[in-house]
Amino acid sequence: MLRCRSMLLDAHARIKETLNATIRSLWNIVPPDIALNQTPKIEMGELASPVCFELARALKKPPRAVAEELIRAAGGIDGVQKMEVAGAGYINIYLNRAAVVRGGRIRTSRAEAGKVIVEHTNINPNKAAHIGHLRNAAIGDTFIRVLRHGGKQVEVQNYIDNTGVQVADVIVGFKYLEKKSLSEVRALIGDPKLRFDYYCWDLYAKVSGFYEANDPKHARRAQTLKEMEEGNNETAGMAELVAMTIVRYHLATMARINVGYDLLPRESDILHLKFWEKAFLQLRERNAIFFETEGKNKGCWVMRLETEGHDDDKIIVRSNGTVTYVGKDIAYQLWKLGLLDQDFLYQPFDGNKNLWVTTSAEGQAGHPPFGQGKVVYNVIDVRQSYLQNVVHQGVLALGYEEQAKNSIHFSYEVVALTPACAEQLGVELSDEDRKRPHIEVSGRKGQGVKADDLLDTLESEACKEVATRNPDLPKADVDKIGHQIAVGALRYFLLKFTRNAIIAFDFREALNFDGETGPYLQYATVRGNNIVNKLRESEPDFDFDKAYLFLDDPKLPGMLDAANDIWELLYSASRLNEIAQQVVSTLEPASLAKYAFTLAQRFSLFYHRYRIMSETDPDRRLFYLLVVEYTRRAMTNALDLMGIEVPNRM
RNA sequence: GCGCCCGUAGCUCAGCUGGAUAGAGCAUCGGACUUCGAAUCCGGUGGUCGGGAGUUCGAAUCUCUCCGGGCGCACCA
């Protein structure tokens with residue numbers, strides 16, 4: 001039997017099992033899948049199964065008659081108060097309300113065997129981060145929080161492509177466009193008045209123009225890449241310095257929105273430690289790649305994809321012997337899955353023992369075991385589906401079917417700009433462009449919203465609000481709360497869209513703090529906390545354990561049955577684990593965001609409708625307090641899973 | 001040309017493996033602060049779910065087709 005960690009999920013399993021067994025014994029047929037849906041209204045029970053519609057056909061009886069018979073034969077189920085026939089033949093299931101609420105206080109989350117590796121962020125270290133990168137990080141970080149909540153052991157990797165074309169392009173900019181030496185670049189980095197990642201953002205945008213005018217064949221890029229790969233020269237030194245400096249900016253930016261990592265694997269180390277050679281031997285031995293002796297790909301090692309013909313062959317090793325990005329990614333993927341006979345060396349990053357970086361020079365002992373993932377998630381936008389598929393095929397071609405299945409591309413759509421927003425940022429648009437639903441951001445052209453700029457704006461707007469609402473609050477507190485609200489607004493904004501929706505970014509929408517936004521959820525939680533704080537102030541001797549003890553009070557079931565609106569709130573609060581599990585199985589963090597919003601709405605409704613502190617009936621007052629405690633806890637947990645903090649006040 | 005994604009209210013989006021009267025937010029109109037804080041709450045307006053056909057007891061959801069839009073398919077990453 002499945003190991004469930006929630007009273008509700010246990011109940012689901014029991015209901016399905018019972019109905020399944022009853023159908024089998026009653027009619028001697030193989031039961032269809034027992035779907036459990038939500039009812040339209042809480043008064044109709046919590047769960048509904050339409051299974052009798054399907055059974056009616058096989059049994060040639062009306063659905064309602066089938067439902068009657070099935071309910072009678074099923075008998076009682078632990079946690080279920082009653083089952084009823086409803087509508088044209090639904091089975092409506094009414095849970096034992098008190099049992100659900102009592103079960104909600106038990107929280108077990110034992111660690112599960114088998115490590116999960118999640119790779120996210122992966123920004124090319126050649127310029128400042130933009131909103132697209134924030135979406136990736138928000139999705140990836142929320143996902144790892146949900147996995148950990150479910151008891152999974154998770155390792156977070158942020159891959160650093162420090163020897164790629166994008167870094168090379170910025171180096172070309174420094175060396176040939178600005179004619180700067182390594183020491184001059186170093187001086188630039190040391191200049192406290194200058195944001196080096198922003199500087200590179202602009203420089204990178206100029207490089208395409210430079211190529212057009214001076215180097216149409218991109219010879220300088222090729223030369224730079226070659227020098228970077230060889231190492232031990234000024235170009236390689238500059239690339240290393242530039243890339244790792246920008247990595248530090250990226251980490252600082254992500255830390256602002258509560259995103260962190262366990263390991264930074266670097267492409268340069270994959271090269272120097274010859275991961276590719278190990279992977280190449282495997283691929284060649286298993287005939288996963290072929291040496292092409294004729295045609296357009298003559299002289300290359302190619303991978304044959306599942307499609308017909310040879311036109312779609314993917315080049316893995318170029319005719320000049322260099323490896324493509326996909327080749328290196330296959331090697332990295334094999335390492336993550338524990339299928340490569342080779343490991344990195346590791347060092348703490350900037351002396352931080354909680355964040356490690358790979359190295360090919362001198363490793364340090366005492367690092368955690370990295371890699372060897374049982375399941376690997378790669379959080380990468382949908383435009384890379386084709387390449388991810390090639391990597392997947394590579395793992396499969398080596399015969400690792402199980403590992404290929406557990407190697408998952410967590411894809412999501414990009415962040416674009418509304419035409420109005422693009423123009424606001426100075427992007428020139430044609431009349432055609434203005435009619436389009438969105439304009440793609442382009443790092444190459446320097447078009448886009450920088451992550452830190454957006455965060456700065458959000459923070460200053462939030463601080464303004466906090467200051468006007470709390471005139472006597474010290475500045476340090478205003479800043480702290482403003483920051484928390486800004487992060488709440490941003491992370492919720494990035495999470496509320498389902499992953500295959502393109503976000504058309506717009507400042508007005510992103511800077512909104514009303515309605516379906518992070519601050520709304522934070523506000524509801526703060527209000528809940530304030531009710532408790534207020535009570536502590538006015539009645540210092542009040543014993544809060546009494547509210548929890550009320551769980552076992554014989555009056556609780558009656559009160560729950562009498563108030564459908566309150567029950568709906570508590571039931572909603574009880575579903576967090578169920579939703580978290582759904583996020584993992586569907587790879588859809590947006591459902592957590594939507595859930596948390598609905599919960600906040602119900603909670604807001606509750607504290608408007610009921611006076612808690614001034615309630616004169618002592619039992620009723622305890623009951624309401626229990627509701628506040630129970631719900632604010634669920635809200636806080638839900639927000640935490642999204643990386644959003646609850647301010648002390650707002 | 002091949003492949004993937006999208007089309008639901010004026011706008012931005014939800015709608016779980018098909019299920020009961022298609023939901024939110026924004027915008028708009030009208031109400032609610034002397035009682036736990038109005039970043040809130042209550043109510044109104046607003047939808048032939050892109051068109052058509054099919055499967056089904058039942059379709060926004062599945063299949064086909066057409067229309068409209070986005071993205072991918074390099075000896076770039």
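In what follows, chains are A, B, ... by sequence order, proteins preceding strands, each numbered from 1. Note that the coordinates shown come from a computational prediction; the quantities given were computed from them, not determined experimentally.
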Completion exercise
Expected string for nucleotides 8-13 of chain B under the B/S/- scheme (protein heavy atoms, under 4.0 Å, primed atoms plus P, OP1, OP2 as sugar-phosphate) is ----SS
Exercise for the section: Go through the N and O atoms of the side chain of A:Asn92 and the base of B:A20, and report whether any donor-acceptor pair is under 3.5 Å. Expected result: yes
Handout entry: Separation of the P atoms in B:C26 and B:C67, to the nearest angstrom
Key = 39 Å
Problem - Length of the line joining A:Arg64:CZ and B:A20:P, which is rounded to integer Å - result: 16 Å
Handout entry: Distance test, side-chain N/O of A:Gln601 to OP1/OP2 of B:U40, below 4.0 Å
Key = no
Handout entry: Presence of salt bridge, A:Glu539 and A:Arg536, under 4.0 angstrom
Key = no
Practice task
May I ask you to decide if A:Arg304's main-chain N or O and A:Asp313's side chain share a donor-acceptor pair within less than 3.5 Å?
Solution key: no
Problem - Parallel, tilted or perpendicular: ring planes of A:Phe597 versus A:Tyr492, cut at 30 and 60 degrees - result: tilted
Practice task
May I ask you to check whether A:Tyr412 and A:Phe410 place their ring centers less than 6.0 Å from one another?
Solution key: no
Handout entry: Heavy atoms from other residues, nucleotides or ligands near CZ of A:Arg633 exceed 12 (cutoff 6.0 Å)
Key = no
Handout entry: N/O donor-acceptor pair under 3.5 Å between A:Gln484 side chain and A:Ile644 backbone
Key = no
Are there any protein N/O atoms within less than 3.5 Å of an N/O atom in nucleotides 71-73 of chain B, and if so, which ones and at what distance?
none

Handout entry: Rounded P spacing from B:A20 to B:G15 in Å
Key = 15 Å
Exercise for the section: For A:Asp329, report the nucleic acid contact type (base, sugar-phosphate, nothing); a contact means any heavy atom under 4.0 Å. Expected result: nothing
Handout entry: Side-chain donor/acceptor contact of A:Ser591 with base of B:C16 under 3.5 Å
Key = no
Practice task
Pick out which of A:Leu59, A:Ile71, A:Leu70, A:Leu19 makes a side-chain contact (heavy atoms from CB on, under 4.5 Å) with A:Cys52.
Solution key: A:Leu70
Problem - Contact nearer the 5' end of RNA chain B, comparing A:Cys300 with A:Phe597 - result: A:Phe597
Exercise for the section: For B:C6, take OP1 and OP2 only and decide whether either is under 4.0 Å from a side-chain N or O of A:Asn500. Expected result: yes
Problem - Between A:Ser268 and A:Asn162: side-chain donor-acceptor atoms closer than 3.5 Å - result: yes
Produce the list of close N/O pairs, under 3.5 Å, pairing protein atoms with atoms of nucleotides 36-39 of chain B; give distances to one decimal.
unit_1 : atom_1 : unit_2   : atom_2 : d
B:C36  : O2     : A:Ile612 : N      : 3.3
B:C36  : O2     : A:Met613 : N      : 3.1
B:C36  : N3     : A:Tyr610 : O      : 3.4
B:C36  : N3     : A:Ile612 : N      : 3.2
B:C36  : N4     : A:Tyr607 : O      : 2.1
B:C36  : N4     : A:Tyr610 : O      : 2.2
B:C36  : N4     : A:Arg611 : NH2    : 3.0
B:G37  : O2'    : A:Tyr523 : OH     : 3.4
B:G37  : N7     : A:Asn530 : ND2    : 2.6
B:G37  : O6     : A:Met650 : N      : 2.9
B:G37  : O6     : A:Met650 : O      : 3.3
B:G37  : N1     : A:Met650 : O      : 2.3
B:G37  : N2     : A:Met650 : O      : 3.1
B:A38  : OP2    : A:Arg527 : NH1    : 2.9
B:A38  : OP2    : A:Arg527 : NH2    : 2.7
B:A39  : OP1    : A:Tyr523 : OH     : 2.8
B:A39  : OP2    : A:Arg469 : NH1    : 2.4
B:A39  : O4'    : A:Arg469 : NH1    : 3.3
B:A39  : O4'    : A:Arg469 : NH2    : 3.4
B:A39  : O3'    : A:Asp514 : OD1    : 3.4
B:A39  : N9     : A:Arg469 : NH1    : 3.4
B:A39  : N7     : A:Arg469 : NE     : 3.3
B:A39  : N7     : A:Arg469 : NH1    : 3.3

Exercise for the section: Sequence neighbours left out, what passes side chain to side chain donor-acceptor pair (under 3.5 Å) with A:Tyr94? Give chain and number order. Expected result: A:Glu84
Exercise for the section: Using only heavy-atom distances, determine whether the side chains of A:Gln166 and A:Tyr204 contain a donor-acceptor pair under 3.5 Å. Expected result: yes
Fill in the blank from the handout: Value for OH (A:Tyr520) from CG (A:Asp514), rounded to nearest 0.5 Å, stands at 11.0 Å
Exercise for the section: Please identify each residue that fulfils side chain to side chain donor-acceptor pair (under 3.5 Å) with A:Ser572, with sequence neighbours left out. Expected result: A:Arg602
Completion exercise
In whole angstroms, the gap separating C1' of B:A24 from CZ of A:Arg602 amounts to 12 Å
Exercise for the section: Would you confirm whether A:Asn297, through its side chain, and A:Cys300, through its main-chain N or O, come within 3.5 Å as a donor-acceptor pair? Expected result: no
Problem - Which nucleotides of RNA chain B pair, in dot-bracket form (Watson-Crick or G-U under 3.5 Å, | meaning another strand) - result: (((((((..((((.....[...)))).(((((.......))))).....(((((..]....))))))))))))....
Completion exercise
Expected label for B:C13 (glycosidic angle, syn inside 90° of 0, else anti) would be anti
Problem - Protein-nucleotide distance (A:Ile270, atom CD1; B:A77, atom C1'), rounded to Å - result: 14 Å
Exercise for the section: Would you confirm whether A:Arg221, through its side chain, and A:Val165, through its main-chain N or O, come within 3.5 Å as a donor-acceptor pair? Expected result: no
Practice task
Pick base, sugar-phosphate or nothing for A:Ala590, based on heavy-atom distances below 4.0 Å to the nucleic acid.
Solution key: nothing
Exercise for the section: Ignoring the backbone of A:His438, work out which of B:A20, B:G70, B:U17 is nearest its side chain. Expected result: B:G70
